[in-house]
Amino acid sequence: MSSDDRKNEADGWMAEEREALQALALMPRPRSTDQARQKAKAAFLSGEPGSGDGPRSAVVDLPDRDEAAGGRPPALDRRRSGFWSVLPLAAALAIAVLATWFGMQPVDSWFITDVVKPVGVGLQAEAVVTGAVVQAGALETAPGSEVELQLGEHLRMRMLPESRAVLPKPPGRWFDRVRVVTLEQGEVYGTTGGEPLGFTLRFDTLELTAELTGTTFAVFRTEEGSCVCLWSGAVQVTRRDSGQSVTMEPETRYLIYKDGRPSQPEPINDMERMKLQMMHDGGLLPVPGAE
Amino acid sequence: MQQDKAPMQRQGCSLDKGTLEGVRLRKPDALEAFFDQFYDRVHGYLQILLRNRDLAEDLTQDAFLRIHRGVDRLDPQRDPTGWVFTVVINTVRDYWRSREHKSATKRTTLDEPKDQPLPDSTPTADQALEQKDEARIIQRALAELSEQDREIILLRNYEELKVTAVAKMLDLKPEAVRQRHSRAVARLGAAFKKLKDKDRPER
């Protein structure tokens with residue numbers, strides 16, 4: 001130790017530290033056995049490890065390095081064992097799985113906002129009454145029956161008589177946010193209350209796929225074919241027969257015939273306008289139980 | 001062989017440049033002098049560090065074999081102590097990373113207490129009884145430290161190597177060596193005091 005080092009450190013040590021270092025300095029140097037010394041000497045002079053009766057090599061499974069030429073020692077902290085290398089990955093994976101699971105959990109549910117002739121409404125619900133929570137699945141209205149549902153504070157839909165659809169489960173919190181309503185027959189009117197949906201909603205029929213980005217709309221499936229009516233916002237409709245897509249303008253309707261006849265979007269009729277206007281004006285209803 | 005009588009510092013190497021040149025050329029008498037110069041020192045360092053004589057003997061031999069393999073790049077103009085201890089540190093670190101060490105650690109944890117007294121600590125005849133006690137206590141205090149703490153304390157305070165030399169050996173900046181050393185000494189001091197206080201009523 002240099003005199004400068006010694007001086008600097010001697011000034012800074014506490015009594016017990018100085019005492020410990022003094023004891024260390026006086027500690028006798030341990031000696032090896034004569035046999036080990038002789039074997040090591042023979043190995044060193046020959047450059048070859050001793051025969052079987054010598055001390056075995058304690059480091060046998062590591063490649064040679066050029067440290068004897070002055071190379072620096074491997075930094076222990078920077079060389080992690082397999083366990084410590086895998087641990088961050090496992091933790092990240094666990095977080096990702098938990099976050100995905102949590103993110104896929106729905107925050108909203110479907111609930112009934114209006115029912116006409118409830119005995120003719122078939123759906124998976126605790127009871128067909130206003131405020132009842134509805135499970136995803138098939139939904140059907142008999143002649144004269146209507147049911148209106150709302151998904152959280154996002155979307156209100158009304159199914160007119162003699163309609164049949166498959167209702168999707170609510171979208172996840174962060175992930176799994178594409179939802180598809182399959183309309184087999186009948187008429188469905190919907191609105192988001194003028195606000196963007198916040199998730200992707202698609203309507204599928206035999207003739208078309210309609211992806212809605214807003215806001216008040218109707219989808220019909222009749223004897224003629226499938227039709228989408230748009231009051232406000234935007235809808236992209238794709239024909240299943242040709243794959244052709246059309247982005248509809250507000251206050252237009254697009255009927256795609258079953259028989260494949262060509263068609264183009266056209267202005268909505270008065271009846272559709274009235275119903276869409278009513279739907280739009282009704283907006284969204286308060287969620288039961290929410291403040 | 002000892003032509004150039006320019007002895008280096010006390011804890012450095014007393015071999016002259018001619019001998020070191022002979023080591024570089026692997027001349028047997030020079031290698032023997034080199035071995036005699038460093039063997040006890042390396043073995044002692046390793047035994048205190050590892051607290052296991054058999055292992056220290058094995059690793060000392062490993063280190064000397066590594067030295068032999070790389071000796072043609074020895075610079076006879078410089079004190080080889082730092083170079084020797086760099087090889088020793090690398091040998092120990094390779095051992096610490098080896099499967100053998102990990103399995104030995106597991107066995108130690110499961111089967112036996114880790115704290116082994118240092119064997120063969122033969123004090124000189126003129127050492128007082130109190131010094132013997134202190135040597136025993138400092139051994140136990142060292143045993144309570146981590147291997148990294150023991151390593152830096154031994155290099156600085158037992159081998160009396162300079163901060164800059166230790167920094168080069170450990171691939172650290174000198175300031176980092178000072179800080180790490182300071183913390184290690186604090187822990188050693190605390191352990192030493194605790195053991196000494198504990199030991200006192202027994203006398």
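First the proteins, then the strands, lettered A, B, ... as listed; each starts at 1.
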Pair A:Arg29 + B:Glu159: basic N to acidic O under 4.0 Å: yes
Ion pair check, A:Arg37 and B:Asp36, cut-off under 4.0 Å: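 Salt bridge present between A:Arg37 and B:Asp36.
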Roughly how far, to the nearest 0.5 Å, is [atom2] of [Y] from [atom1] of [X]?
{"X": "B:Arg156", "Y": "A:Leu21", "atom1": "CZ", "atom2": "CG", "result": "10.0 Å"}
{"X": "B:Asp58", "Y": "A:Ser32", "atom1": "CG", "atom2": "OG", "result": "11.0 Å"}
{"X": "A:Glu19", "Y": "B:Lys196", "atom1": "CD", "atom2": "NZ", "result": "3.5 Å"}
{"X": "A:Gln22", "Y": "B:Asn157", "atom1": "CD", "atom2": "CG", "result": "11.0 Å"}

Mutual orientation of the aromatic rings belonging to B:Phe64 and A:Phe44 [parallel < 30°, tilted 30-60°, perpendicular > 60°]: perpendicular
Side-chain donor/acceptor of B:Tyr158 to backbone N/O of A:Met27, under 3.5 Å: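 Looks like yes, one N/O pair under 3.5 Å.
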I need the minimum non-hydrogen distance between [X] and [Y], along with the two atoms involved.
{"X": "A:Ala23", "Y": "B:Glu134", "value": "CB-OE1, 3.9 Å"}
{"X": "B:Pro28", "Y": "A:Leu45", "value": "O-CD2, 3.8 Å"}
{"X": "B:Gly189", "Y": "A:Ala20", "value": "CA-CB, 4.2 Å"}
{"X": "B:Leu65", "Y": "A:Ala43", "value": "CD2-O, 3.5 Å"}

Residue among B:Phe34, B:Phe35, B:Tyr45 with most heavy-atom pairs under 4.5 Å to chain A: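 Sorted descending by pairs with chain A, the first entry is B:Phe35.
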Ring pair (Phe, Tyr, Trp, His ring centres under 6.0 Å) partners of A:His154, counting only residues at least two apart: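 Once residues adjacent in sequence are excluded, A:His154 has no partner under the ring pair (Phe, Tyr, Trp, His ring centres under 6.0 Å) criterion.
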Measuring only between side-chain heavy atoms, which start at C-beta, is [X] closer than 4.5 Å to [Y]?
{"X": "B:His43", "Y": "A:Thr33", "answer": "no"}
{"X": "A:Gln35", "Y": "B:Glu57", "answer": "no"}
{"X": "A:Leu26", "Y": "B:Ile138", "answer": "no"}

Chain A contact via B:Ala186 - which portion, at a heavy-atom distance below 4.5 Å: both
Segment of B:Leu154 engaging chain A (4.5 angstrom heavy-atom cut-off): side chain
Evaluation steps, side-chain contact (heavy atoms from CB on, under 4.5 Å), between A:Lys41 and B:Tyr39: CA-CA 9 Å; A:Lys41 192 171 197 174; B:Tyr39 180 83; over 6 Å; no
B:Lys193, NZ: over 12 other non-hydrogen atoms inside 6.0 angstrom: no
